[in-house]
There are 2 protein chains.
Amino acid sequence: MARKPGSRADITGPRLREAALRLFARHGYAAVSMRQIAREVGVQAGALYQYIDDKQSLLFELMRSHMEELLDAWAASAPAPQAALDRLEQFARFHIRFHAARADAVFVSYMELRNLEPMHFEAIEALRRRYETELEAILRDGQAEGSMSLPDTKLAAMALIAMLTGVNTWFREGGRLSREKVEDIYIDMVRKAVGA
Amino acid sequence: MARKPGSRADITGPRLREAALRLFARHGYAAVSMRQIAREVGVQAGALYQYIDDKQSLLFELMRSHMEELLDAWAASAPAPQAALDRLEQFARFHIRFHAARADAVFVSYMELRNLEPMHFEAIEALRRRYETELEAILRDGQAEGSMSLPDTKLAAMALIAMLTGVNTWFREGGRLSREKVEDIYIDMVRKAVGA
DNA sequence: GTCTATACCACGATAGAC
DNA sequence: GTCTATCGTGGTATAGAC
């Protein structure tokens with residue numbers, strides 16, 4: 001198992017991103033060194049700078065692509081026009097499912113906000129707000145339809161997202177409950193919480 | 001404004017803890033250096049080691065004391081035996097209030113879990129579970145009384161705590177809504193979510 | 001494209017003077 | 001109790017050979 005010289009740009013790039021995401025999630029951005037990442041990838045630290053400008057840009061790119069995948073995925077599963085309560089259920093299922101499948105990216109995108117430079121922070125925040133607005137629109141429609149009863153749609157949107165995202169702190173595939181069952185339980189609480 | 005030599009053990013200790021908590025919350029444990037903390041306290045880095053064994057113990061002590069204050073404060077506001085729904089409301093108000101008043105400690109105690117050594121991590125986790133169990137007991141009683149209708153009390157406890165703790169990510173004293181108003185809105189959603 | 005080697009700096013922690 | 005000085009380590013990032 002000697003070292004492997006030569007060109008492998010096509011695989012080193014993705015591997016760098018995967019390793020960085022996993023290590024950042026596990027130990028935190030500030031606690032992970034470029035040398036550690038390089039070791040996981042199987043190259044020397046210096047070689048990483050062929051793929052990134054610096055450590056900060058690496059973090060930002062990981063978070064930005066996560067948020068954009070989230071928005072794209074939600075847009076792709078976009079509900080046909082239908083009752084707000086059905087759209088709410090769709091949103092909740094989508095949220096739990098998408099987030100459960102990317103625990104590392106979710107964790108990093110939430111925990112490392114404070115390690116972003118101001119401009120990068122603003123860019124990520126804008127994407128996060130766009131997602132929040134998607135849920136808020138559903139709640140506002142439900143309110144208008146009369147199918148929901150909410151004291152404050154903005155707070156409700158934040159409260160529900162916090163609740164749904166919380167699943168990630170404890171859910172593990174293969175535990176006491178299947179993901180579908182967890183979804184069912186949360187949807188029951190979500191529907192009740194909005195006064196359905 | 002020259003430097004101030006001499007003995008000030010009584011104030012340096014608390015100041016160290018305050019500065020560390022604020023800096024850890026703002027930048028993260030791994031990103032904050034002992035020198036930075038010392039600068040805030042107004043002493044040299046070496047002087048800090050009169051008060052702590054090492055950086056890791058400092059983090060652990062901050063988290064441990066936060067969790068114990070949380071449990072003590074809840075025990076002190078312990079409800080007289082009463083209807084589960086009233087106890088739930090009391091818990092929710094207590095939770096929002098206590099957490100809003102200590103945003104830094106809450107943030108650190110949640111975000112820096114991964115930077116604890118295994119034994120320290122286990123100790124903090126045990127305290128966190130004790131708190132969770134307090135809410136779970138209320139929900140179980142509500143279920144038994146018939147005043148609540150929950151598919152899974154354990155999940156419900158985690159979901160509600162995630163929702164309530166989420167207030168901290170956006171709530172700022174002096175914003176659009178007073179803390180009391182926020183409490184009212186959340187309690188409305190909490191009561192509905194448990195099927196009251 | 002990746003390597004080795006290294007510049008340069010900051011880290012946590014300690015020793016010993018005051 | 002705090003200071004200055006320092007040890008040993010490891011950080012990010014770059015230079016230049018292959």
Side-chain angles (χ1 to χ4, degrees), chain A residues 1-63 108 112 114-117 120, chain B residues 1-24 26-63 108 112 114-117 119-120:
Chain A
M1 240 6 155
R3 80 176 80 94
K4 335 160 191 160
S7 291
R8 333 182 105 245
D10 47 338
I11 67 163
T12 301
R15 279 170 62 87
L16 160 58
R17 295 165 59 84
E18 285 158 27
L21 192 59
R22 187 175 58 252
L23 289 170
F24 288 168
R26 194 121 31 182
H27 307 291
Y29 169 76
V32 173
S33 71
M34 297 305 290
R35 290 200 236 271
Q36 256 178 289
I37 298 172
R39 201 180 314 132
E40 292 271 306
V41 175
V43 300
Q44 296 292 323
L48 298 181
Y49 290 86
Q50 294 290 324
Y51 304 92
I52 59 166
D53 288 340
D54 51 29
K55 199 187 178 193
Q56 166 74 202
S57 306
L58 170 58
L59 175 62
F60 174 62
E61 278 308 315
L62 290 174
M63 293 173 71
V108 168
E112 305 298 355
R114 63 188 169 186
N115 285 310
L116 291 175
E117 291 164 1
H120 289 161
Chain B
M1 242 7 156
R3 79 176 80 96
K4 335 161 190 158
S7 291
R8 331 183 104 246
D10 48 336
I11 67 164
T12 301
R15 279 169 62 87
L16 160 58
R17 296 166 58 84
E18 285 159 26
L21 192 61
R22 187 176 56 250
L23 289 170
F24 288 168
R26 194 120 31 181
H27 308 291
Y29 169 75
V32 173
S33 71
M34 297 304 291
R35 287 175 165 88
Q36 252 179 291
I37 297 172
R39 201 181 312 133
E40 291 270 307
V41 175
V43 299
Q44 296 291 323
L48 298 180
Y49 290 86
Q50 294 291 323
Y51 303 92
I52 59 166
D53 288 340
D54 51 29
K55 198 188 178 191
Q56 166 75 201
S57 306
L58 170 58
L59 175 62
F60 175 62
E61 279 307 315
L62 291 173
M63 292 173 72
V108 169
E112 305 298 353
R114 63 190 170 184
N115 284 310
L116 290 176
E117 290 165 0
M119 270 186 45
H120 288 161

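Chain identifiers are assigned alphabetically (A, B, ...) following the order of the sequence lines, protein sequences preceding nucleic acid strands; residue numbering begins at 1 within each chain. None of the values given here were measured: they were computed from a predicted structure.
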Phosphate OP1/OP2 of [N] contacted by [X] side-chain N/O (<4.0 Å):
{"X": "Ser33(A)", "N": "dG11(D)", "answer": "yes"}
{"X": "Thr12(B)", "N": "dT2(D)", "answer": "yes"}
{"X": "Tyr51(B)", "N": "dT2(D)", "answer": "yes"}

Collect all protein-nucleotide pairs involving nucleotides 13-15 of chain C in which both atoms are nitrogen or oxygen and the distance is under 3.5 Å.
residue	atom	partner	partner atom	Å
dA13(C)	OP2	Tyr49(B)	OH	2.6
dA13(C)	OP2	Lys55(B)	N	3.2
dA13(C)	O5'	Tyr49(B)	OH	3.4

### Summary
Between Ala38(A) and Gln44(A) the two heavy atoms that sit nearest each other are CB-C, 3.6 Å
To the nearest angstrom, how far is [X] atom [atom1] from [N] atom [atom2]?
{"X": "His27(B)", "N": "dC11(C)", "atom1": "NE2", "atom2": "C1'", "answer": "16 Å"}
{"X": "Ile11(B)", "N": "dT2(D)", "atom1": "CD1", "atom2": "C1'", "answer": "13 Å"}
{"X": "Leu16(A)", "N": "dA13(D)", "atom1": "CG", "atom2": "P", "answer": "13 Å"}
{"X": "Gln44(B)", "N": "dT4(D)", "atom1": "CD", "atom2": "P", "answer": "4 Å"}
{"X": "Leu48(B)", "N": "dT4(D)", "atom1": "CG", "atom2": "P", "answer": "13 Å"}
{"X": "Gln50(A)", "N": "dA13(D)", "atom1": "CD", "atom2": "P", "answer": "14 Å"}
{"X": "Leu23(B)", "N": "dC11(C)", "atom1": "CG", "atom2": "P", "answer": "12 Å"}
{"X": "Arg39(A)", "N": "dT2(C)", "atom1": "CZ", "atom2": "C1'", "answer": "18 Å"}

### Message
With salt bridge (charged side-chain N to carboxylate O under 4.0 Å, His left out) as the rule and sequence neighbours excluded, what pairs involving residues 47-57 of chain A come up?
### Response
none
Between [X] and [Y], is any pair of side-chain heavy atoms under 4.5 Å apart?
{"X": "Val108(B)", "Y": "Tyr29(B)", "result": "no"}
{"X": "Arg17(A)", "Y": "Tyr51(A)", "result": "no"}
{"X": "Leu48(B)", "Y": "Arg35(B)", "result": "no"}

### Query
Base, sugar-phosphate alone, or nothing: which one does Val32(B) contact when heavy atoms must sit under 4.0 Å apart?
sugar-phosphate
### Query
Is there a donor-acceptor pair closer than 3.5 Å between any side-chain N or O of Gln56(B) and the backbone N or O of Glu117(B)?
yes
Just distance, no hydrogens or angles: give the donor-acceptor pairs under 3.5 Å from side chains in residues 20-27 of chain A, sequence neighbours left out.
residue	atom	partner	partner atom	Å
Arg22(A)	NH2	Glu40(A)	OE1	2.4

